[in-house]
Amino acid sequence: EHLQKEHVSILPGGHVQYTFPEAFFYKPNLWWPNGMGKQSLYNVEISVEVKGFGESDSWSHPFGFRKIESHIDSATGGRLFKVNDQPIFIRGGNWILSDGLLRLSDERYKTDIKFHADMNFNMIRCWGGGLAERPEFYHYCDIYGLLVWQEFWITGDVDGRGDPVSNPDGPLDHDLFMFCARDTVKLLRNHPSLALWVGGNEQVPPDDINTALKNDLKLHPYFQKINETENLTKELS
Amino acid sequence: MAVEMGKTVLDKGWLAARSTEVDLTGVQLTTTHPPAISPAGSPWMEAHVPGTVLATLLKNKLIPDPFYGLENESIIDIADSGREYYTFWFFTSFQCKPMSNQHVNLNFRAINYSGEVYLNGHRRVLPKGMFRRHSLDITDILHPDGQNLLAVIIYPPDHPGRIPPEGGQGGDHEIGKDVATQYVEGWDWIAPIRDRNTGIWDEVSVSVTGPVKIVDPHLVSSFFDGCRRVYLHATTELVNNSASVAECDLNIQVTTELEGNVCLV
């Protein structure tokens, strides 16, 4: 049941979005953060064959089955996380980037991130004044079980604070900011280590950006419905 | 015989030169006058791609290592040098000769901050933004003999800012006007980065596909019964670059490695 073939026709110059029928897994090996279990990864491969040509393109990605939930605790004001329905005590480190000259090699990422895992951390927070980290960074967080808290590029440089006072309304080009945000989400969204997107460093982005980010990153209505069904099932049981 | 499908990373053989020291145009660099490191006095040097302009200058021992002692103080800041000083050309060549029904894209996973690409004399623009991918369809501008010349000029952020004498959190905050990393004007934990991280700072690649290309698949899982029942939801974009209807068989396969090279489908 984990091998599917579907037929699609695409018009000349056409651009389509296609959703496969959902694939069912019974008791798959789950992906767990460092210290809670194995970081089980499956390989998902998508390929397209075109009649009269043969294989036209292929794509593959390591994928981990994990469910991450978080909410702000009203008693402490802290954010509480659950992974695969289990509460997790977060032991995190702050991260800007691996090298100020952006010599970001695979080896360097592997070493840096393994070091965090060896320190018994289970989360890395990518600060909003640094980078949206690269796929290689996320790959090793997938491998070593580091959850990632990824912030967008909003800091005290763009909220009217500081001396001299910074621009109070974020970056000048809000459309460009959102373009970059959307593209970054598409680049990173399949990594199981990706736990949380945050608007910026210790603050809320300008209203229009914040609204757009929240709207773009909210749960798709289909999954909202699934969540409601699941909650209903829980109540019934 | 078609060229091999898939992605080839361009991370070797890059040259770089300060734009103010290059008299040639992008068209000339990628047609009649490809650059070389020699003779002595040539402005061209081996480049660190991916990496920043400072990484290239350090690789060539033209600046001291800014992360040792107070060496950063001896590197001129972009506020004093002007943006032109850290505007650099990058150059490389690559082999690619697709068949008529294949399509080729040149991909930049990130540059900082904007630029122009010249491939075999043809110009393309890389718009502003440090955190965006650029993918250019270069199928029609590849050289018939398969040997392709690529030059890229990269411009620094539009608002590199100035570092106040007392330093401080985020300098004068001008960098925040751009969509770029903001620590580069200095923070409480780091000295200012003199080129503001200008450069081709992430992977460059060439990808070859057939008529239909897979774009940005999205994988999501949903969980039931205490994570015992799990569903994988996969969505992908598909682009037909050909001039005829593409009849496609779309496959998805999920495997897990049991032991060694034994996989369960």
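For clarity, every value in this text was computed on a predicted model and none was experimentally measured. In what follows, chains carry the letters A, B, and so on, assigned in the order in which the sequence lines appear, proteins first and then strands, with residues in each chain numbered from 1.
- Atom NZ of A/K110 has 12 or fewer heavy atoms from other residues, nucleotides or ligands within 6.0 Å.
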Test side-chain contact (heavy atoms from CB on, under 4.5 Å) on A/W59 and B/V215 and set out the steps. CA-CA 9 Å; A/W59 174 93; B/V215 179; over 6 Å; no

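- Of the residues B/N101, B/V212, B/T209, the one that meets the side-chain contact (heavy atoms from CB on, under 4.5 Å) test with A/V50 is B/V212.
- Between chain A and the options B/H103, B/E185, B/H218, B/E237, heavy-atom pairs under 4.5 Å are most frequent for B/H218.
- Proximity to chain B involves both the backbone and the side chain of A/L187, based on heavy atoms less than 4.5 angstrom apart.
- For A/F53, the part sitting under 4.5 Å from any heavy atom of chain B is the side chain, from C-beta outward, and nothing else.
- A/L30 touches chain B through its side chain: at least one heavy atom from C-beta onward sits under 4.5 Å away, while N, CA, C and O do not.
- Scanning all heavy atoms of the two residues, the minimum distance from A/P171 to B/V179 falls at CB-CG2, 4.2 Å.
- Only the side chain of B/I193 comes within less than 4.5 Å of a heavy atom of chain A; its backbone N, CA, C and O stay farther away.
- Looking at B/W187 and A/I96, their side chains never come closer than 4.5 Å, going by heavy atoms from C-beta outward.
- A cation-pi geometry, defined here as NZ or CZ lying under 6.0 Å from the six-membered ring centre and within 45° of its normal, holds between B/R132 and A/F179.
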side-chain contact (heavy atoms from CB on, under 4.5 Å) between B/W201 and A/L131, worked out: CA-CA 11 Å; B/W201 69 276; A/L131 298 181; 3.7 Å; yes

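- Interface summary for chain A: among B/T236, B/V230, B/V220, the most heavy-atom pairs under 4.5 angstrom belong to B/V230.
- For chain B, the nearby parts of A/L176 are the backbone and the side chain; heavy atoms of each come within less than 4.5 Å.
- No other option in B/P50, B/A55, B/G6, B/G161 has as many heavy-atom pairs under 4.5 Å with chain A as B/A55.
- Nearest heavy-atom pair across B/M5 and A/D57 is CE-N, 4.2 Å.
- When heavy atoms are compared at a cutoff of 4.5 Å, A/R182 does not approach chain B at all.
- For the set B/N197, B/T56, B/N241, the entry with the most heavy-atom pairs within less than 4.5 Å of chain A is B/N197.
- The shortest side-chain heavy-atom distance between B/K213 and A/H15 does not fall under the 4.5 Å cut-off.
- Looking only at heavy-atom pairs under 4.5 Å with chain B, the residue among A/H220, A/R161, A/E136 that has the most is A/E136.
- A donor-acceptor pair is defined here as one N or O able to donate and one able to accept, closer than 3.5 Å; no such pair exists between the side chain of B/H173 and the backbone of A/N167.
- Between B/R109 and A/R134, some side-chain heavy-atom pair lies under the 4.5 Å cut-off.
- Only the side chain of B/L58 comes within less than 4.5 Å of a heavy atom of chain A; its backbone N, CA, C and O stay farther away.
- For a residue to count as touching a neighbouring chain, one of its non-hydrogen atoms must lie under 4.5 Å from one of that chain's; by this rule A/F152 does not touch chain B.
- A distance of 10.5 Å separates NE2 of A/H7 from CG of B/L250, quoted to the nearest 0.5 Å.
- Contact count against chain A (heavy-atom pairs under 4.5 Å) is highest for B/D202 among B/D158, B/D202, B/I175, B/V53.
- Note that the CG atom of A/L101 and the CD1 atom of B/I63 stand 6.5 Å from one another [nearest 0.5 Å].
- When heavy atoms are compared at a cutoff of 4.5 Å, B/P217 approaches chain A by way of both its backbone and its side chain.
- Both the backbone and the side chain of B/A246 come within less than 4.5 Å of a heavy atom of chain A.
- A donor-acceptor distance shorter than 3.5 angstrom exists from the side chain of B/N240 to the backbone of A/L11, with no hydrogens or angles considered.
- Smallest separation of non-hydrogen atoms from B/C248 and A/I10: SG-CD1, 4.0 Å.
- The minimum heavy-atom distance between A/G130 and B/T181, with the atom names listed, is O-OG1, 3.1 Å.
- With rounding to the nearest 0.5 angstrom, the CE atom of B/M130 is 10.5 Å from the OG1 atom of A/T184.
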Intermediate values then yes/no, side-chain contact (heavy atoms from CB on, under 4.5 Å), A/E6 and B/D249: CA-CA 6 Å; A/E6 305 293 327; B/D249 280 330; over 6 Å; no

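- There is no contact between B/P127 and chain A, counting heavy-atom distances below 4.5 Å.
- Taking 4.5 Å as the limit, every side-chain heavy atom of B/V254 sits out of range of all side-chain heavy atoms of A/N43.
- With a 4.5 Å cut-off on side-chain heavy atoms, A/W153 and B/F131 count as touching.
- Between B/S244 and A/P12, the closest heavy-atom pair is C-CG, 3.6 Å.
- Only the side chain of B/H159 has a heavy atom closer than 4.5 Å to any heavy atom of chain A.
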Does B/T235 form a side-chain contact (heavy atoms from CB on, under 4.5 Å) with A/Q17? I'd like the steps, not just the answer. CA-CA 7 Å; B/T235 297; A/Q17 182 170 295; 3.5 Å; yes

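- Two residues are said to be in side-chain contact when any heavy atoms from C-beta on lie closer than 4.5 Å; B/C227 and A/D85 meet this criterion.
- The part of B/E203 that comes within reach of chain A is its side chain, from C-beta onward, which places non-hydrogen atoms under 4.5 angstrom from that chain.
- B/H233 has its ring centre less than 6.0 Å from the ring centre of A/F223.
- For B/H48, the part lying near chain A is the side chain, with the backbone staying farther off; criterion is any non-hydrogen pair under 4.5 Å.
- For B/K128, the parts lying under 4.5 angstrom from a heavy atom of chain A are both the backbone and the side chain.
- Contact of A/F63 with chain B is made through the side chain alone, with heavy-atom distances under 4.5 Å.
- Rounding to the nearest 0.5 Å gives a distance of 11.5 Å between CD1 of B/I252 and OG of A/S60.
- Exactly one of A/V158, A/D169, A/L172, A/D173 qualifies for a side-chain contact (heavy atoms from CB on, under 4.5 Å) with B/K177. That residue is A/L172.
- Chain A forms the most heavy-atom pairs under 4.5 Å with one residue out of B/V245, B/V239, B/L238, and that residue is B/L238.
- One finds the CD atom of B/Q182 at 7.5 Å from the CH2 atom of A/W127 (value rounded to the nearest 0.5 Å).
- Looking at B/S242, only its backbone comes within 4.5 Å of chain A, counting heavy atoms on both sides.
- Closest of all the heavy-atom pairs between B/N251 and A/K5 is OD1-CE, 2.9 Å.
- Taking CD from A/E22 and CG from B/L232, the interatomic distance works out to 9.5 Å, rounded to the nearest 0.5 Å.
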